[in-house]
Amino acid sequence: MDLIIKGGKIITPTDTYKADIGVDDGKIIAISRDLPGSAKDVVDASGKYVMPGAIDSHTHMDMPFMGTVTADDFESGTACAAYGGVTTLLDFAMQPKDKDFLETIKIWHGKADPKAYTNFGFHVAVTNLTEDLVKQIPDVMKAGVSSFKLFMTYSKGGLFSDDARIYRMLEESKKHGFLVQVHAENDTVLEMLKERYVKNGNTSAEFHAKSRPNFVEAEATHRALALATATGGNLYVVHMTCMESIVELANAKDFGNVYGETCPHYLTLTDEKYLSPQGKRFIMSPPLRSKDDNAAMWTGLGDEILSTVATDHCAFNDAQKDMGKDNFTKVPNGAPGTETMLPVLFSEGVRKNKITLNQMVKFTSYNPSKIFGMYPAKGTLSVGSDADIVIFDPQLEMELTAKNLHTKSKYSPFEGMTAKGMPTHTFVQGMPVLYDRELVGKKGAGKFVARGKHVPL
Ligand code: URP
Ligand code: ZN
Ligand code: ZN
């Protein structure tokens with residue numbers, strides 16, 4: 001055997017039990033108490049949790065956006081992932097307007113293949129759709145990409161999709177079994193509000209949030225859900241932030257195959273951050289909300305109205321954020337997060353009894369593996385599945401500050417927070433990538449995950 005992980009507590013969505021795990025050739029080959037035999041490496045996990053590697057299904061590495069390119073590429077971004085116990089990330093391959101879907105995927109392979117420490121897959125972020133491109137979808141799925149994203153906003157950046165395009169993709173999703181993701185915000189209303197604030201000299205970070213109030217998100221969420229219900233398509237709403245949107249999702253779940261995601265920052269941070277001198281660092285879309293919305297998101301998870309947590313890792317450094325130092329509309333939207341997802345969820349969610357430890361594994365591994373077509377190779381610890389494994393020390397404390405983290409944004413939105421509970425080891429298909437908190441993996445060793453059809457939960 002290549003590896004035995006001994007004496008840990010195994011955590012799955014449904015079970016918590018003590019057992020050893022044997023790994024050979026990248027797969028889990030045995031799970032039992034006091035596993036007999038020897039291995040090239042034996043890791044003592046006593047006192048620790050052993051969990052399926054997290055899947056961060058929402059990242060933006062090396063992405064051109066708002067006049068710049070995200071600060072983390074697949075090298076630094078997947079290093080962050082490994083430090084955070086993420087074994088697979090799913091990144092948005094942004095379609096250049098003059099390229100087809102397969103060309104877009106090729107561009108993203110060029111960015112990721114030589115650099116990744118962890119496994120990775122792609123969604124195509126659709127910026128242009130023709131009936132010829134629709135015909136390419138079966139080939140895209142054969143290339144291992146079974147999810148597409150459409151932006152209901154960012155008309156100024158050329159990313160916007162109208163309702164008809166979303167409807168068309170949802171129709172096709174039903175036919176072919178892929179997933180349609182939407183960034184749900186009402187574009188015309190928020191653009192009008194942005195313009196009005198700027199015209200009146202209200203250009204500081206707080207007006208980013210004011211120009212994108214809850215109803216802007218909830219209305220677009222409602223519309224996307226209505227389109228999914230009408231078509232019978234498969235819909236996943238990314239980065240949900242507020243109570244009103246959760247209500248829309250809860251209502252639609254009886255009628256459609258629909259899913260919602262939230263992110264650690266929408267569970268733990270509020271719009272007060274925009275009033276701080278570092279307010280620009282928190283400009284992401286949708287914006288941070290109120291304490292009540294944080295609570296609603298935890299309830300959405302606890303009650304399993306929401307299905308996943310992902311990070312929307314979209315890192316920019318302070319110099320990039322300063323592109324909008326005099327005008328919030330020019331600040332590149334996004335913040336880092338893949339390294340801190342599990343520590344924040346554990347410290348703020350599990351420790352504070354807002355979700356269970358088993359639910360944490362469900363939202364960050366099992367559910368995304370199914371929804372995004374990777375189950376049972378990923379998302380579980382079973383004999384025969386990939387040895388994507390995290391050893392997590394619930395007692396290990398770390399301040400979530402830039403000097404302890406690895407994003408090239410050089411800041412963390414969770415600055416000032418100390419996590420109690422950190423990954424110590426991250427194995428990707430049996431390969432140690434993080435070992436005793438040391439990055440030991442090889443750049444470029446991470447593999448593309450060819451995903452199958454969406455599996456309804
Ligand atoms: O502000 C954000 N979320 N930036 C990344 C792009 C997106 O909307 O997901
Ligand atoms: Zn988005
Ligand atoms: Zn995003």
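Everything quoted here is computed from the prediction, not taken from an experiment. In each ligand, atom 1 is the first atom listed, and ligand 1 is the first ligand listed. By convention here, the first residue in the shown sequence is residue 1.
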Ring-ring centroid check Phe122 Phe448, cutoff 6.0 Å: yes
- prompt: Quick one: are Arg451 and Ser147 in side-chain contact, heavy atoms under 4.5 Å?
  reply: yes
field: Distance from atom 1 (O) of ligand 1 to nearest protein heavy atom, with residue and atom
entry: Ser285 N, 2.7 Å
field: Whether His58 lies under 4.0 Å from ligand 1, heavy atom
entry: yes
- prompt: Once rounded to 10°, what is the value of the angle centred on the Zn ion (ligand 2) between His183 ND1 and His239 NE2?
  reply: 90°
- line: Checking heavy atoms under 4.0 Å, the part of Asn333 that sits near ligand 1 is both
message: So if I count the atoms of ligand 1 from 1 in the order they appear, which ones are less than 4.0 Å from some heavy atom of His60?
response: 5 (C), 6 (C), 7 (C), 9 (O)
- request: Examine Tyr236 together with His454 and report whether their ring centres are nearer than 6.0 Å.
  value: no
- prompt: By number and element, which atoms of ligand 1 are closer than 4.0 Å to a non-hydrogen atom of Cys314?
  reply: 4 (N), 5 (C)
query: For ligand 1, which atoms have a heavy atom of Lys149 less than 4.0 angstrom away?
result: 9 (O)
- prompt: Does Ser290 use its side chain to pair, donor to acceptor, with the backbone of Asp293 at less than 3.5 Å?
  reply: yes
message: Please list the nearest protein heavy atom to atom 7 (C) of ligand 1 with its residue and the distance rounded to 0.1 Å.
response: Tyr154 OH, 3.5 Å
- prompt: What atoms of ligand 1 come within less than 4.0 Å of a heavy atom belonging to Asp312?
  reply: 2 (C), 3 (N), 5 (C), 9 (O)
message: Can a donor-acceptor pair be found, under 3.5 Å and without considering hydrogens, that links the side chain of Gln95 to the backbone of Val126?
response: no
message: I need the atoms of ligand 1 closer than 4.0 Å to a non-hydrogen atom of Met284, numbered in the order shown.
response: 1 (O)
- request: Ignoring hydrogens and angles, state whether a donor on the side chain of Asp72 or Ser76 is under 3.5 Å from an acceptor on the partner side chain.
  value: yes
- request: Have a look at the Zn ion (ligand 3) and estimate, to 10 degrees, the angle subtended by OD1 (Asp312) and NE2 (His60).
  value: 100°
- prompt: Within 45° of the ring axis of Tyr366 and under 6.0 Å from its six-membered ring centre, is that where the NZ or CZ of Lys362 lies?
  reply: no
field: NZ or CZ of Lys370 within 45° of Tyr375 ring axis and under 6.0 Å
entry: yes
